[in-house]
Enquirer: 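Have a look at the structure that comes next, please.
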Amino acid sequence: MPELPEVEAVCRRIRRGAEGQLIASARILRPGITLPQSSAETEETLAGRRIGKVWRRGKNILIGTSGAGEDRVLRIHLRMTGNLVLFKDARLVPPAARMVLEFPDRSGLVFTDSRALGRVHLHSLAELESILAELGPEPLSRQFTVQWLAAAASACGQPAKLFLMDQSRIAGLGNIYAAEALFQAGIHPGKRMKTLRMPKIGALHAAIVDILRRAVKVTAAEYRRPGYWGGEEWDFPLRVYGRKGEPCLVCGSKIRSMRQGGRSTYYCPRCQR
DNA sequence: CACAATACCTGCTAGC
DNA sequence: TGCTAGCAGGTATTGT
């Protein structure tokens, strides 16, 4: 489910309560989530370590830890339904809890994930660096410029929607925000990247940055509520995603949907060419 | 190589 | 009411 703004919101929500905490015990309640790493080994390594910095890269949540031996980083990917929540009592945890990091006072950080597609991995700093090197630039960083996007686009024959969702090109966009960015820029999702010219490239860059900034702002506020997510509410106002058959908010044409890369894409046939 | 299909999972909903 | 097909905000792997 979560894309960059939701992952950012989760980081901000847990940061205050998690940073600096001692992990008294770690329990992996669903062994598959650590594959190909061993869940028993993950539990053993984490126990007795202290949580350092919590940060994010693309859709990866990164939790630094220190203790016996070298520093390790816990990398959590929420995939479709994952979430991280701080619990007052880590023994009273919901059925979808997949990992529990319990602190000395019995409170804890809990990874919930109904579909169990999310992943938890423990890395050395060197290992983490090489994994993150596979990701494209952060769209809200200085790295992500119009010039960079123009250069990346000119070398790419992919349809625009697939380009935006490819984490090795830009890190953090997913199905919803990619669709929304293309709508805002007036670009058809099937448009080949290398056929885009300058005013459109600029519009796409501006749309990505604008939408993600606004979504982070709105979503981060909502995610302070610990139970948030589970509900169907989507706080960022969506203009095309999920609106098949409804009128375009700009021109009134019926929003259409198509399949791309096995996923549903929504677009306005008149505004997006 | 690029691209498409499928596997991974559970839960919800629309339609019968 | 109860069943089922289809679909879900993601990504790694397999197949063409």
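Reminder, nothing fancy here: chain letters follow the sequence lines and each chain counts from 1. A quick note: this is a predicted structure, and the numbers were derived from the prediction, not measured. The figures that follow rest on heavy atoms only: side chains count, while hydrogens, waters and symmetry mates do not.
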Enquirer: For each nucleotide in nucleotides 11-16 of chain C, reading 5' to 3', give B when a protein heavy atom comes within less than 4.0 Å of its base, S when such contact involves only the sugar-phosphate, and - otherwise.
Expert: SS----

Enquirer: From CZ of Arg98(A) over to P of dC8(B), roughly how many Å is that when rounded to an integer?
Expert: 16 Å

Enquirer: So, does Thr81(A) get its side chain near the phosphate of dC9(B), meaning an N or O under 4.0 Å from OP1 or OP2?
Expert: no

Enquirer: If I take atom CD in residue Gln260(A) and atom C1' in nucleotide dA2(B), what distance separates them, rounded to the nearest angstrom?
Expert: 15 Å

Enquirer: Can you measure Leu78(A) atom CG to dT10(B) atom P for me and round it to whole angstrom units?
Expert: 18 Å

Enquirer: Hydrophobic clusters join Ile, Leu, Val, Met, Phe, Trp and Tyr when side-chain heavy atoms are under 4.5 Å apart, directly or via other members; which others share one with Tyr267(A)?
Expert: Met258(A)

Enquirer: Is the Tyr266(A) to Phe183(A) ring centre distance short of 6.0 Å?
Expert: no

Enquirer: Kindly state each residue pair satisfying salt bridge (charged side-chain N to carboxylate O under 4.0 Å, His left out) with at least one member in residues 174-202 of chain A, sequence neighbours excluded.
Expert: none

Enquirer: Between dA14(B) atom C1' and Lys244(A) atom NZ, what is the distance in whole Å?
Expert: 14 Å

Enquirer: Of the nucleotides dG11(B), dA8(C), dG10(C), which has the atom closest to the Ser114(A) side chain?
Expert: dG11(B)

Enquirer: If only side-chain N and O atoms of Arg115(A) are considered, is one of them under 4.0 Å from the OP1 or OP2 phosphate oxygen of dC7(C)?
Expert: no

Enquirer: In which ranges does DNA chain B form stems of 3 or more consecutive Watson-Crick or G-U pairs, distances under 3.5 Å?
Expert: B:2-8 with C:10-16, B:10-16 with C:2-8

Enquirer: Identify which one of Val240(A), Leu164(A), Thr265(A) satisfies the side-chain contact (heavy atoms from CB on, under 4.5 Å) criterion when paired with Leu182(A).
Expert: Leu164(A)

Enquirer: Could you list all the ring pair (Phe, Tyr, Trp, His ring centres under 6.0 Å) pairs where at least one residue sits in residues 14-47 of chain A, not counting sequence neighbours?
Expert: none

Enquirer: With nearest nucleotide decided by heavy atoms, which residue, Arg192(A) or Gly262(A), maps closer to the 5′ end of DNA chain B?
Expert: Arg192(A)

Enquirer: Given atom CG of Leu29(A) and atom P of dC9(B), what is their separation to the nearest angstrom?
Expert: 16 Å

Enquirer: Does any pair with a residue in residues 160-169 of chain A pass salt bridge (charged side-chain N to carboxylate O under 4.0 Å, His left out), and if so which ones, sequence neighbours excluded?
Expert: Asp166(A)-Arg169(A)

Enquirer: For residues 21-45 of chain A, pull every pair meeting salt bridge (charged side-chain N to carboxylate O under 4.0 Å, His left out), keeping only residues two or more places apart or in separate chains.
Expert: Arg27(A)-Glu102(A)

Enquirer: I need the full list of salt bridge (charged side-chain N to carboxylate O under 4.0 Å, His left out) pairs touching residues 240-258 of chain A, with sequence neighbours left out, sorted by first then second residue.
Expert: Arg243(A)-Glu246(A)

Enquirer: With a 4.5 Å heavy-atom cut-off, do Asp210(A) and Gln184(A) have their side chains touching?
Expert: yes

Enquirer: Does Arg30(A) put a side-chain nitrogen or oxygen below 4.0 Å from OP1 or OP2 of dT10(B)?
Expert: yes

Enquirer: Leu238(A) has an atom CG; how far is it from atom P of dA8(C), in whole Å?
Expert: 14 Å

Enquirer: dG10(C) C1' sits how many Å from Leu4(A) CG, rounded?
Expert: 14 Å

Enquirer: For dT14(C) versus dC9(B), give the span between their P atoms, rounded off to a whole number of Å.
Expert: 14 Å

Enquirer: Between dA8(C) and Arg259(A), is there an OP1 or OP2 to side-chain N/O distance shorter than 4.0 Å?
Expert: yes

Enquirer: Tell me which donor-acceptor pairs under 3.5 Å the side chains of residues 129-138 of chain A have, and how far apart each pair is, sequence neighbours excluded?
Expert:
{"residue": "Ser130(A)", "atom": "OG", "partner": "Glu127(A)", "partner atom": "O", "Å": "3.0"}
{"residue": "Glu138(A)", "atom": "OE1", "partner": "Arg56(A)", "partner atom": "NH1", "Å": "3.0"}
{"residue": "Glu138(A)", "atom": "OE1", "partner": "Arg56(A)", "partner atom": "NH2", "Å": "3.0"}
{"residue": "Glu138(A)", "atom": "OE2", "partner": "Arg57(A)", "partner atom": "NH1", "Å": "3.1"}
{"residue": "Glu138(A)", "atom": "OE2", "partner": "Gly58(A)", "partner atom": "N", "Å": "2.6"}

Enquirer: I need the CZ-P distance between Arg169(A) and dA2(B), as an integer number of Å.
Expert: 8 Å

